[in-house]
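When reading the values below, keep in mind they use all heavy atoms of this one structure, side chains included, and skip hydrogens, waters and symmetry mates.
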Amino acid sequence: GSGGLFMATGRGLYHWFGLPFAGGGAEPLLELPTSDPGAIIATAVGPRAKNPIAIVVNRGMEAPDQSLQVSLDLGKSWTVRNPYPHPFFVDDLLYVDDLMFVKLVHWDPAQGGKQLGAILMSRDNGESYVDMTAPDMVTPLTHQMATGWPREGLAASPTHLYVLSRTMGARSIALSSLRGAAG
């Protein structure tokens, strides 16, 4: 079924069914091989039928080498759904109903390799993305994981998406304003 608890570690993603201490068990959805130097650094599970799953695997910090992958069959198969052909580093992933959000930093060669922050939205599990970054967010979103700030990421309520950043605090975006914004 599509219920249960999803648990992510740096080396894998697991689906717990039943109660873990009352005869339930974990089904591995994705386990990185021990030979893989990468780690899973972000996950999101959609709240719809079949629970679409999005993960980001990181294989380098000096020159970020990440892949954003999505599974639509509870982890049996994975498809790479990278938002850019150039390097990027994801801070967070979040599903809100049928919308997937990605908070990231990227280095666009078309802009001289400048470091740019972005908030992307996808209605189709990462096949296409809409950049919803306000102009005044591009620079503040590049400051990641600073000391004294608990987390840079995304959160949601039933009505709003929240972008959390050390340099700009929490910014809210009405979900109703995004429903017709995907292209």
Side-chain angles (χ1 to χ4, degrees), residues 1-20 24-32 36 38-59 64 66-84 88-106 117-133 137 141 144 151-165 170-183:
S2 62
L5 171 71
F6 292 86
M7 180 180 77
T9 70
R11 303 301 304 161
L13 184 65
Y14 306 89
H15 178 212
W16 283 87
F17 50 92
L19 295 173
E27 171 190 7
L29 299 178
L30 174 72
E31 287 185 308
L32 296 178
D36 190 332
I40 297 171
I41 62 161
T43 62
V45 179
R48 303 187 319 272
K50 297 244 181 210
N51 294 106
I53 303 166
I55 64 166
V56 176
V57 178
N58 183 48
R59 294 195 169 84
Q66 294 195 343
S67 66
L68 195 158
Q69 301 175 42
V70 173
S71 176
L72 301 177
D73 56 11
L74 288 176
K76 293 176 186 69
S77 61
W78 294 87
T79 303
V80 172
R81 299 281 175 88
N82 287 344
Y84 303 110
F88 62 92
F89 189 92
V90 172
D91 287 323
D92 206 3
L93 295 172
L94 180 70
Y95 270 103
V96 179
D97 298 325
D98 62 338
L99 303 175
M100 181 176 78
F101 296 96
V102 185
K103 178 181 181 290
L104 55 73
V105 175
H106 64 109
I119 303 295
L120 307 179
M121 178 181 71
S122 176
R123 279 189 190 271
D124 52 17
N125 295 300
E127 284 188 49
S128 62
Y129 296 91
V130 173
D131 188 334
M132 49 182 284
T133 316
M137 296 168 77
L141 290 178
Q144 305 169 21
R151 186 157 192 267
E152 300 247 344
L154 302 170
S157 73
T159 59
H160 286 81
L161 173 72
Y162 297 94
V163 179
L164 311 173
S165 168
R171 173 85 55 100
S172 69
I173 302 167
L175 289 171
S176 60
S177 70
L178 303 176
R179 296 285 177 208

### Message
Which residue is it: Leu120, Val105, Val102? I am looking for the one with a side-chain contact (heavy atoms from CB on, under 4.5 Å) to Val90.
### Response
Val102
### Query
Per the side-chain contact (heavy atoms from CB on, under 4.5 Å) rule, which among Leu13, Leu72, Val57, Val70 passes with Trp78?
Leu13
### Message
Under the side-chain contact (heavy atoms from CB on, under 4.5 Å) test against Leu93, which residue among Leu68, Val45, Ile41, Ile53 passes?
### Response
Leu68
### Query
Sequence neighbours excluded, which residues qualify as side chain to side chain donor-acceptor pair (under 3.5 Å) partners of Tyr14?
Glu31
### Task
Sequence neighbours left out, what passes side chain to side chain donor-acceptor pair (under 3.5 Å) with Arg171? Give chain and number order.
Asp136
### Message
So, using side chain to side chain donor-acceptor pair (under 3.5 Å) as the criterion, who are the partners of Ser172 when residues are at least two apart?
### Response
none
### Query
Quick one: side-chain contact (heavy atoms from CB on, under 4.5 Å) partners of Asp73, sequence neighbours excluded?
Ser71, Lys76, Ser77
### Task
Would you name the heavy atoms of Ala155 and Leu94 that are closest together and state the gap between them?
C-CD2, 3.8 Å
### Query
What are the two closest non-hydrogen atoms of Lys103 and Val163, and how far apart are they?
CE-CG1, 4.3 Å
### Message
Assess the residue pair Phe101 and Asp92 against the criterion (side chain to side chain contact (heavy atoms under 4.5 Å, CB included)); give the C-alpha distance rounded to whole Å, side-chain angles, the decisive distance to 0.1 Å, and a yes or no.
### Response
CA-CA 8 Å; Phe101 296 96; Asp92 206 3; over 6 Å; no
### Counterpart residues, side-chain contact (heavy atoms from CB on, under 4.5 Å), relative to Ser157 (two or more places apart)
Thr159, His160, Tyr162
### Query
What's the shortest heavy-atom distance between Pro83 and Tyr129, and which atoms?
CA-CE1, 3.5 Å
### Task
Could you list the residues that satisfy side chain to side chain donor-acceptor pair (under 3.5 Å) with Asp131, not counting sequence neighbours?
Thr133
### Message
If I compare all heavy atoms of Arg81 with all of Asp124, which pair ends up nearest, and what's the gap?
### Response
NH1-O, 3.5 Å
